[in-house]
Amino acid sequence: MGVGGCLALPWRCLVVLCLRLLFLVPAGVPVRSGDATFPKAMDNVTVRQGESATLRCSVDNRVTRVAWLNRSSILYAGNDKWCLDPRVVLLANTKTQYSIQIQDVDVYDEGPYTCSVQTDNHPKTSRVHLIVQVSPKITEISSDISINEGGNVSLTCIATGRPDPTITWRHISPKAVGFISEDEYLEITGITREQSGEYECSASNDVAAPVVQRVKVTVNYPPYISDAKSTGVPVGQKGILLCEASAVPSADFQWYKDDKRLAEGQKGLKVENKAFFSRLTFFNVSEQDYGNYTCVASNQLGNTNASMILYEETTTALTPWKGPGAVHDGNNGAWRRGVCMWLLALPLAQLVRQF
């Protein structure tokens with residue numbers, strides 16, 4: 001209930017008080033703002049929930065009696081408090097102003113308040129409307145969801161506030177741009193793997209900072225192998241075959257040579273499986289290791305495979321060119337010195353012919 005609860009008094013006192021009130025606010029007097037030059041109340045008062053609302057009424061020395069009312073309940077008459085609500089206090093009762101304050105305002109305090117004055121037995125009134133604003137609050141939102149690719153998704157976000165908050169949905173993704181819905185409900189038809197991730201609901205009404213909550217949408221799809229390349233390795237060297245696959249849930253990997261499955265711990269081999277790739281390592285490649293290998297990636301939604309070849313790579317005996325300051329072996333140095341001697345002998349032979 002609002003601030004209008006009045007004191008319970010013996011019936012004799014109530015009769016006296018009611019008689020006093022008859023001349024203060026007689027029946028049939030319309031409630032209107034700005035009647036004559038006074039009393040003059042404030043314009044509409046807007047406060048946020050939990051704040052204090054001050055109601056002021058301007059008066060002058062012609063006023064003999066004054067009161068603040070909330071609908072039909074008297075809050076204050078002069079300096080006398082008539083309501084039980086401890087949040088209502090008298091701020092000023094002077095020759096120019098009659099003001100009260102409602103502390104810790106709540107939504108049920110919203111409504112009309114009337115300043116009533118008595119002058120020369122002529123009652124006059126002025127009304128002010130108290131507006132209570134409430135910060136937005138999300139009261140209901142969808143839970144995290146997991147759905148197979150191609151399915152339909154419906155997300156709900158319900159929020160309260162005064163004024164009614166505006167609700168928007170957006171996809172938290174580097175590729176997403178702007179809002180994808182300005183409604184309580186977000187419908188996604190035929191969802192794709194690119195649309196997986198977090199969806200943020202925002203509720204705002206300019207009373208306070210927007211409130212946000214997120215829903216995680218997981219899109220399940222079968223494995224897709226994105227990288228599987230053949231590799232050449234010399235005999236006796238270390239060789240690696242790599243198989244990369246994306247899938248939700250993560251794929252399980254298996255390796256085959258021809259039709260034979262390779263087991264973890266097999267001599268000279270190591271199989272390393274991670275969430276999105278599998279690595280097959282040969283520590284010391286032999287002739288028997290060369291051949292065709294198949295990577296199989298599977299989850300609950302399906303499987304796929306890719307073939308690759310581990311082949312022998314031969315090395316050439318060419319000696320690479322070494323720049324200045326490089327260390328050369330003895331035979332290579334002797335060869336270079338012989339070339340230099342031969343190049344120096346050519347111009348000397350030409351000089352001998354001239355003479």
Side-chain angles (χ1 to χ4, degrees), residues 1-135 162-163 206-208:
M1 56 186 292
V3 296
C6 292
L7 292 171
L9 298 176
W11 69 272
R12 293 178 183 272
C13 295
L14 281 176
V15 171
V16 175
L17 292 173
C18 290
L19 290 174
R20 290 178 58 191
L21 189 59
L22 283 176
F23 72 85
L24 182 63
V25 188
V29 176
V31 176
R32 55 193 181 274
S33 178
D35 189 6
T37 58
F38 70 95
K40 182 172 176 56
M42 308 167 57
D43 294 331
N44 290 346
V45 176
T46 301
V47 294
R48 296 178 182 179
Q49 184 182 38
E51 296 180 345
S52 296
T54 299
L55 307 180
R56 296 184 179 91
C57 183
S58 298
V59 296
D60 61 21
N61 53 11
R62 291 175 291 175
V63 174
T64 57
R65 288 184 174 84
V66 64
W68 269 107
L69 298 86
N70 177 19
R71 299 178 179 87
S72 60
S73 301
I74 303 175
L75 304 179
Y76 263 93
N79 292 324
D80 298 328
K81 185 175 182 179
W82 283 46
C83 70
L84 291 169
D85 196 330
R87 300 175 302 127
V88 182
V89 296
L90 181 66
L91 285 185
N93 184 10
T94 67
K95 294 181 179 180
T96 59
Q97 185 181 119
Y98 185 57
S99 303
I100 62 172
Q101 184 180 74
I102 305 172
Q103 301 170 346
D104 193 20
V105 170
D106 210 336
V107 291
Y108 50 72
D109 297 319
E110 185 170 286
Y113 290 79
T114 302
C115 175
S116 178
V117 301
Q118 178 75 21
T119 61
D120 300 328
N121 295 327
H122 296 292
K124 298 182 183 300
T125 61
S126 183
R127 175 178 291 182
V128 59
H129 197 90
L130 177 62
I131 300 173
V132 180
Q133 294 183 329
V134 181
S135 302
R162 299 170 72 125
D206 296 329
V207 176

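Each residue takes its place number in the sequence, starting with 1. Small disclaimer: the values here were computed from a predicted structure and weren't measured.
- Taking 4.5 Å as the limit, every side-chain heavy atom of L90 sits out of range of all side-chain heavy atoms of K81.
- For the residue pair G111 and R71, the shortest heavy atom distance occurs at CA-NH2, 3.7 Å.
- Residues that satisfy the side chain to side chain contact (heavy atoms under 4.5 Å, CB included) test with T96, not counting sequence neighbours, are T94.
- If you take CG on L91 and CD1 on I100, they are separated by 8.5 Å, rounding to the nearest 0.5 Å.
- With sequence neighbours left out, N93 forms a side chain to side chain donor-acceptor pair (under 3.5 Å) with N79.
- Contact check for C115 versus V66: side-chain heavy atoms found under the 4.5 Å cut-off.
- S99 is linked by a side chain to side chain donor-acceptor pair (under 3.5 Å) to Q97, counting only residues two or more places apart in sequence or in another chain.
- In this structure, the side chain to side chain contact (heavy atoms under 4.5 Å, CB included) partners of T46, at least two apart in sequence or on a different chain, are I131, Q133.
- Between atom NZ of residue K95 and atom CZ of residue R62 there is a gap of 14.5 Å, rounded to the nearest 0.5 Å.
- Closest non-hydrogen pair, D206 versus R48, comes out as O-NH2, 4.4 Å.
- Rounding to the nearest 0.5 angstrom, the gap separating the OG1 atom in T64 from the NE2 atom in H122 is 11.0 Å.
- Between D106 and R87, none of the side-chain N atoms (NZ, or NE/NH1/NH2) sits under 4.0 Å from a carboxylate O, so this pair counts as no salt bridge.
- Looking at residues two or more places apart in sequence or on another chain, you find no side chain to side chain donor-acceptor pair (under 3.5 Å) involving E51.
- Taken from CG in D104 to OG in S52, the straight-line distance is 7.5 Å, to the nearest 0.5 Å.
- A77 approaches A67 most closely through the heavy-atom pair CA-CB, 3.9 Å.
- Interatomic distance, T114 OG1 to I74 CD1, rounded to the nearest 0.5 Å: 11.5 Å.
- Judged as a side chain to side chain contact (heavy atoms under 4.5 Å, CB included), and not counting sequence neighbours, the contacts of V132 are Q49, V105, V107, E110, L130.
- Side-chain atoms of W68 come within 3.5 Å of backbone N or O of Y98 as a donor-acceptor pair.
- Separation of atoms CG (N70) and CH2 (W82) is listed at 15.0 Å; rounding is to 0.5 Å.
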